[in-house]
**Student:** 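Input: one structure, supplied below.
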Protein chains: 2
Amino acid sequence: MSVGIRHDDLRRRNRAMVISAVRRAGQPSRTEIAATTGLSHSTISAISSDLIAEGILAQSKASEAGSLKRGRPQVGLTLNPEAAAVMTVVLSLNFLSVAVIDYAGHVVAEEQRRLTTLTLSRDELVGECVSIVRRRLEDPDLDVRSVARIALGIQGITDSHARAMLWSPITPLTDIPFADILEREFGIPATMENDCNMMAVALRWRDPERYRDDFIAILLSHGIGMGLVLKGELFTGTHSSGGEFGHMIHRPGGALCRCGRRGCVEAYAGNYAIWRNAMQLGEDAEPTDVGDAEMRALAARARETDGPEREAYRKAGEALGYGLGSLFALIDPAPVAMVGVSAAAFDLIEPSLREAIAQTAGGQHSKSISFDTEPNELPLIREGCAMRALTFVDQEIFAPGAPVRTTATAMASHELA
Amino acid sequence: MSVGIRHDDLRRRNRAMVISAVRRAGQPSRTEIAATTGLSHSTISAISSDLIAEGILAQSKASEAGSLKRGRPQVGLTLNPEAAAVMTVVLSLNFLSVAVIDYAGHVVAEEQRRLTTLTLSRDELVGECVSIVRRRLEDPDLDVRSVARIALGIQGITDSHARAMLWSPITPLTDIPFADILEREFGIPATMENDCNMMAVALRWRDPERYRDDFIAILLSHGIGMGLVLKGELFTGTHSSGGEFGHMIHRPGGALCRCGRRGCVEAYAGNYAIWRNAMQLGEDAEPTDVGDAEMRALAARARETDGPEREAYRKAGEALGYGLGSLFALIDPAPVAMVGVSAAAFDLIEPSLREAIAQTAGGQHSKSISFDTEPNELPLIREGCAMRALTFVDQEIFAPGAPVRTTATAMASHELA
DNA sequence: CTCTTTTTTTCGAGCCTCAAAAAAATCCTG
DNA sequence: CAGGATTTTTTTGAGGCTCGAAAAAAAGAG
């Protein structure tokens, strides 16, 4: 049963409010914050002077540009970049990348590393992650002692508590509690996030106009993934990261999917599916890894001549269209962002996709559904992880006088409960 | 952007907390409430004495039964039945039923009426609803001047603001803003709810052990509908009532659905679909209305001999199974309640349903998914509407000193803003 | 240099919640 | 049957929080 609101929660929540207003608006004045939060000027004034004293916010005198107004000029409030830092760890096929991000959201350090994720043992894979994090934390060039949170992003299924990877296409291993491992190793709170969810978080951050309360991010890559934002909140399953759009059933008993079942959307629209259809290997052909370059070449051939390559993309579009149609029957249509290497071939996919959607319940407004494409998923995933981690820090710094792990500028008096 | 918490919100929310605790627990003591809400005894004491003074709660001396404990005996708090009343209006095929329910949730009056919904004009249909409500409101036998809210339930699609019926199988008419109409006519706040959503609300209320945070209610009747509760909240679409499970695509380009499209789950599992398959009329046969008695006879024949009737139920199970499988790919498996006349034939449906689910991503734990059946949807819908309306009243009575529309026992001093 | 305008801070009032103590209501024990 | 023992409920005082109004601050306009 949901719990009552205590008196001290009030301040905590309103501090949260102010911080997130600053994070979103960039450099809002106190007056602006009062307007967006609906709180009184006095409250905003009190809270922001607290936050400034604690080193979380900073004043940026110049309100820039059009300061042509009469009256006392507004004072912009900004996030103090030194208030804290977060680290993102993105693990994808044969690739591990880490970045350190300051509290204002700027990358201050990064490191990338190639490795063969498919063949590494459990200890090796975990070891690689731990050691790359350690290297960044121990970097003498940089004061990263203030890293307050780590967000890991991984392709695959994570649990709903954001603690563990349950399954991933990048490794045969399962159930690795990465978040717990890093947390124990470094004593820094960590979470394990699903790649497509992070894509959605990043899109919302990049373009809040377009991706606001309801939208869908679909990863078109080796596999098919989805990140879903409904009513302004990331939609996750009840036990897992959820939203396994790629494994909705397109054709019962149909083509062989990488997951071992038959007829999933992915078995028609994943890179391997497009590839085997283009090569006319049959729908039961074992899924194989196809490089990005090869996929781009395939798309080029499909654009050139009307052969099996084009047909393969047509089938992918059909599967995606019917899948989206079923999804739209459940959640109402919403803007869609197509991300990943096959999003660059969206011109080949779109016609049959729209045709299929038009055959479904969600297709009533088929024409009004808009698609956007973004061929490169990695930057999005990292941005999403960064925002996710920073938001956690925002939430934790609220606890008055009990900043989780901040720089010396913040008061470090009280201890954690 | 979400809004800050004002100081007076605090009291309002905590009052809400207390009221809902009483509604859920039936007759909790103050101490019990303090425990479940996490608020202090003093706060609960203050709030509940306010609520008693306002006539919203009442004390029931006897804590009944096992009062064998030492110490000062607990005083049970109950909802004052006279604090307010609500009305439910359930509109289904050829049937209109109304009930008046007191604040404690007991039916105090009802009226039912047969009519031919499919042929009534817009004005006639609206007129029937208005006049049946008026009759109940003007009933001299009963003091129903305190009706504080009306909840309408209807089969079909409603808008997400719960104002209008957008589409319904019980009438060819569309876009009727029932809630606005009743609200204007009687000056009583009203909402328009989707039938399956109300089924879900009622199930949760009936059996909170089983139907708690995540579950699915599926209506197996003429059409196929769904009510979905995720993370303790009713899941609705962003524009409409959403959850059009029946119109997820089972077989692209497949059987003709009542909605005019092809291959929907409903086109295999709706009553008309089972009927036409059993009668071997072909998958393109025009959907026809089939009576409940005929469906029961059909089920009996299917149980008797292994003929086309049994095959029709098998196909229905397959469609439902693949549909559920796709759904479970998105939201993780959850307990399912099958409601409606065909739920009584679930024994015929279950085998192929489970087999189909096992072929899907959600089917990993296929065996652990549990199904419950309830052949009669109408009582559930009415109960759901009642709870929904009462919950609204709970929310509105919170506003301190501004009860929306209560009996004379409640202080009626302040006016609405 | 003074007036106007706008932003920000200060201050007192009014609530709200909380912890601790007091009061109330019953059972238990000798 | 009186005096604990025990548990629930109410009372009380303290501390916080937000709010509105007023004051202070910081410019531009004339």
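Letters A, B, ... are given to chains in the order of the sequence lines, protein chains preceding strands, and every chain is numbered from 1.
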**Student:** Give the nucleotide from the list dC16(C), dA20(C), dA21(D) with an atom nearest to the side chain of Arg11(B).
**Tutor:** dC16(C)
**Student:** Any side-chain N or O of Ser45(B) below 4.0 angstrom from OP1/OP2 of dT10(D)?
**Tutor:** yes
**Student:** Expressed as a whole number of angstroms, how long is the span from Met17(A):CE to dC17(D):P?
**Tutor:** 17 Å
**Student:** Counting side-chain heavy atoms from C-beta on, which of dA27(D), dT8(C), dC19(D) comes nearest to Pro73(A)?
**Tutor:** dA27(D)
**Student:** What is the distance from CG of Asp9(A) to P of dC18(C), rounded to the nearest Å?
**Tutor:** 9 Å
**Student:** Whole-Å distance between dG15(D) P and His7(A) NE2?
**Tutor:** 14 Å
**Student:** For Arg12(B) and dC16(C), give me the distance from atom CZ to atom P, rounded to whole Å.
**Tutor:** 12 Å
**Student:** Answer yes or no for Arg204(A) and Tyr211(A): cation-pi contact, defined as NZ/CZ to six-membered ring centre under 6.0 Å and angle to ring axis within 45°.
**Tutor:** no
**Student:** Within less than 4.0 Å of OP1 or OP2 of dC19(D), is there a side-chain N or O belonging to Thr43(A)?
**Tutor:** yes
**Student:** Here's a test for you: under salt bridge (charged side-chain N to carboxylate O under 4.0 Å, His left out), which of Arg388(B), Arg163(B), Arg149(B) qualifies with Glu193(B)?
**Tutor:** Arg388(B)
**Student:** Test Phe392(A) against Met387(A) for side chain to side chain contact (heavy atoms under 4.5 Å, CB included), laying out the working first.
**Tutor:** CA-CA 9 Å; Phe392(A) 271 115; Met387(A) 284 315 302; over 6 Å; no
**Student:** Does the plane of the ring in His7(A) sit parallel, tilted or perpendicular to the ring in His7(B)? Use 30° and 60° as the thresholds.
**Tutor:** tilted
**Student:** Using every non-hydrogen atom in the two residues, find where Ala386(A) and Val86(A) come nearest and quote the distance to one decimal.
**Tutor:** O-CG2, 4.3 Å
**Student:** Expressed as a whole number of angstroms, how long is the span from Arg70(A):CZ to dC3(C):C1'?
**Tutor:** 8 Å
**Student:** Closest approach to the side chain of Ser40(B), judged atom by atom: which nucleotide of dG28(D), dC18(C), dT8(C) is it?
**Tutor:** dC18(C)
**Student:** Just checking Thr31(A): base, sugar-phosphate only, or nothing, at a heavy-atom cut-off of under 4.0 Å?
**Tutor:** sugar-phosphate
**Student:** How long is the line joining CG of Asp8(B) and P of dA13(C), in whole Å?
**Tutor:** 19 Å
**Student:** Send over the distance from Ile44(A) CD1 to dT8(C) P, rounded to a whole Å.
**Tutor:** 11 Å
**Student:** On DNA chain D, does the nearest nucleotide to Leu10(A) precede the nearest nucleotide to Ser49(B) from the 5' side, or the other way round? Give the residue.
**Tutor:** Ser49(B)
**Student:** In terms of side-chain heavy atoms of His41(A), which of dT17(C), dT10(C), dT8(C) is nearest?
**Tutor:** dT8(C)
**Student:** Among the candidates dT18(D), dT8(C), dT8(D), find the nucleotide nearest to the side-chain atoms of Arg72(B).
**Tutor:** dT8(D)
**Student:** Taking OP1 and OP2 of dC17(D), is either one under 4.0 Å from a side-chain nitrogen or oxygen of Arg6(B)?
**Tutor:** no
**Student:** Taking the nucleotide of DNA chain C with the nearest heavy atom to each, does Ala46(A) or Leu39(B) sit closer to the 5' end?
**Tutor:** Ala46(A)
**Student:** Rounded to the Å, how far apart are Gln59(A) CD and dT7(C) P?
**Tutor:** 15 Å
**Student:** Quick one: is Asn14(B) getting a side-chain N or O under 4.0 Å of the dT17(C) phosphate, OP1 or OP2?
**Tutor:** yes
